[in-house]
Amino acid sequence: MEAEAADGPPSGVEAALSCFSFNQDCTSLAIGTKAGYKLFSLSSVEQLDQVHGSNEIPDVYIVERLFSSSLVVVVSHTKPRQMNVYHFKKGTEICNYSYSSNILSIRLNRQRLLVCLEEAIYIHNIKDMKLLKTILDVPANPTGLCALSINHSNSYVAYPGSLTTGEIVLYDGHSLKTVCTIAAHEGTLAAITFNASGSKLASASEKGTVIRVFSVPDGQKLYEFRRGMKRYVTISSLVFSMDSQFLCASSNTETVHIFKLEHITNSRPEEPSTWTGYMGKMFMAASNYLPTQVSDMMNQDRAFATGRLNFSGQRNICTLSTIQKLPRLLVASSDGHLYIYNLDPQDGGECVLIKTHSLLSSGTTEENKENDLRPSLPQSYAATVARPSTSSASTVPGYSEDGGALRGEVIPEHEFATGPVCLDDENEFPPIMGLPG
């Protein structure tokens, strides 16, 4: 869910953001710039609240926040081989680690922290940052493509297993053993992601035309979606909704695709009782005698909903989140904007843009004023059910209304030489031990 800084902006366009990422439960957005980094809360459509900002580390190209805690991991171009872990509420560095080559990506949950280099993956225990495993038999991975299940009870890891094909290696981050390999695509991988529970894994190849979903840990194909047929694209982000009902994909085109994961049944379909049903059955039977590529296309599902961007060719990431009790599509782009759309979970169709936020401005700017004064757009499904609300993202099991941990929960406890460090929830502040005040 993170845009890679290695992918440069289009010719003649200077990217305002060097990196951007949504946190694990999509309640926060982190951005990196030449000046430093910022963290935003995603609890409201109309208002974008900056949780934290720092200019102490310049030229940031990786910034990852652990859920809604005060732990943030930062990597700068000034020291691309060094990972810095901070408690931003205290303004204190917890630790830093250096590696043999440039850090390309970082993934974390409540138990594990992954550092991905081009030819190695380091797995740390996030409780004390002890190095548990170094995976060295990794094919060259210049984009740092990898995924970590946010469900710390399984902590599955996925990464490319081949230089020439779309093979995925599924690795158990707890037992530190390889689970299986999945032959996901003919071409090399461009995106991989787990759902919130770690029971499904989605992938896309560099062609960007087909997206597949596999069961975890057995690696069986569950769904196959077709993003398009006319042209190859570069998939920039791939993400499940928190309830795993939808899968969202953005690319270097002007369209964001949302697919619906319908319930799979193993029961035998009823015999068709109408002429249309009979013809449909015959059509599907005939597909068994067609070339594999043709029959595969006949069985692939198309997008349930789409979001139209007013740009193409810019790096971007997307996510699906429930904000103020309604489903939203969020897209952050390298030009420094966050776009919020309404998503109709019943009928799908085209998502409606309802708000644009500047990620580089502070307070109310002329741009934001102009955005607020624009004529209101038809709001489709959300307009019929939306009511003025000050509530934040809807409750996810195990989280409070503000998207953080349940009150009183300590996540996680770091045990360094200086003593345990408790990473508190954003709005709950138990005493921080072992760190200077």
Side-chain angles (χ1 to χ4, degrees), residues 1 17 20-31 37-53 63 65-70 72 88-89 239 241-243 246 248 256 258 307 309 316-333 335-345 351-396 398-407 425-428:
M1 298 169 60
L17 306 182
F20 33 89
S21 65
F22 294 103
N23 68 340
Q24 294 81 4
D25 57 359
C26 307
T27 58
S28 177
L29 172 65
I31 65 170
Y37 71 92
K38 294 180 181 181
L39 306 175
F40 298 94
S41 171
L42 301 175
S43 60
S44 170
V45 170
E46 294 300 321
Q47 186 174 346
L48 187 65
D49 295 323
Q50 181 174 319
V51 176
H52 176 70
V63 54
R65 185 184 183 187
L66 177 63
F67 289 91
S68 293
S69 74
S70 298
V72 62
F88 68 80
K89 287 291 185 180
V239 61
S241 59
M242 288 299 293
D243 59 7
F246 300 97
C248 182
V256 178
I258 301 172
L309 307 176
N316 63 80
I317 55 171
C318 64
T319 195
L320 296 167
S321 181
T322 300
I323 301 178
Q324 293 169 297
K325 300 182 179 180
L326 290 175
R328 319 284 187 176
L329 165 65
L330 281 66
V331 181
S333 67
D335 68 352
H337 290 88
L338 174 67
Y339 304 89
I340 303 179
Y341 298 76
N342 281 336
L343 167 64
D344 186 335
C351 300
V352 179
L353 177 65
I354 57 172
K355 192 69 178 179
T356 302
H357 291 287
S358 172
L359 299 172
L360 298 175
S361 60
S362 57
T364 304
T365 65
E366 293 300 321
E367 179 182 356
N368 287 332
K369 286 181 180 179
E370 180 181 348
N371 182 60
D372 291 337
L373 293 174
R374 289 172 185 166
S376 59
L377 297 171
Q379 296 187 2
S380 181
Y381 166 81
T384 63
V385 295
R387 295 291 184 272
S389 173
T390 58
S391 65
S392 61
S394 64
T395 302
V396 177
Y399 298 92
S400 62
E401 284 285 331
D402 60 7
L406 292 172
R407 294 178 181 273
D425 177 80
E426 179 182 340
N427 296 320
E428 294 292 318

Donor-acceptor contact present, side-chain S321 to main-chain C26, <3.5 Å: yes
Chi angles and distances behind the side chain to side chain contact (heavy atoms under 4.5 Å, CB included) call for L48, K355: CA-CA 10 Å; L48 187 65; K355 192 69 178 179; over 6 Å; no
Smallest separation among heavy atoms of C351 and I258, with atom names: SG-CD1, 3.9 Å
N342 versus D344, side-chain donor and acceptor atoms under 3.5 Å: no
Inter-residue atom distance T322.OG1 - D25.CG, 0.5 Å rounding: 11.0 Å
Straight-line distance of Q50 CD to L359 CG, nearest 0.5 Å: 10.0 Å
Backbone N/O of N23 and side chain of S28: donor-acceptor pair under 3.5 Å: no
F22 vs L320, side chain to side chain contact (heavy atoms under 4.5 Å, CB included): CA-CA, chis, key distance, verdict: CA-CA 10 Å; F22 294 103; L320 296 167; over 6 Å; no
Flag, side chain of H357 to backbone of V45, donor-acceptor distance under 3.5 Å: yes
Distance, nearest 0.5 Å, that separates OH of Y341 from OG1 of T356: 7.0 Å
I340 side chain near L330 side chain, heavy-atom distance below 4.5 Å: yes
For the student: nearest non-hydrogen atoms of S69 and F88, plus distance: O-CE2, 3.5 Å
Non-hydrogen side-chain atoms of V72 and L66 separated by less than 4.5 Å: no
Heavy-atom closest contact (Q24 atom, R65 atom, distance): OE1-O, 3.0 Å
For the student: nearest non-hydrogen atoms of H337 and S358, plus distance: CD2-CA, 4.0 Å
D49 side chain vs S41 backbone, donor-acceptor pair below 3.5 Å: no
Minimum heavy-atom distance between S70 and K89, given as atom pair plus value: OG-CG, 2.9 Å
Min side-chain heavy-atom separation F40-I31 under 4.5 Å: yes
Where V256 and C248 come nearest, the two heavy atoms and their spacing: CG1-SG, 3.5 Å
Inter-residue atom distance F67.CZ - T27.OG1, 0.5 Å rounding: 8.5 Å
Rounded distance [0.5 Å steps], OG1 in T319 versus CE in M242: 9.0 Å
Heavy-atom side-chain contact between D335 and N316 under 4.5 Å: no
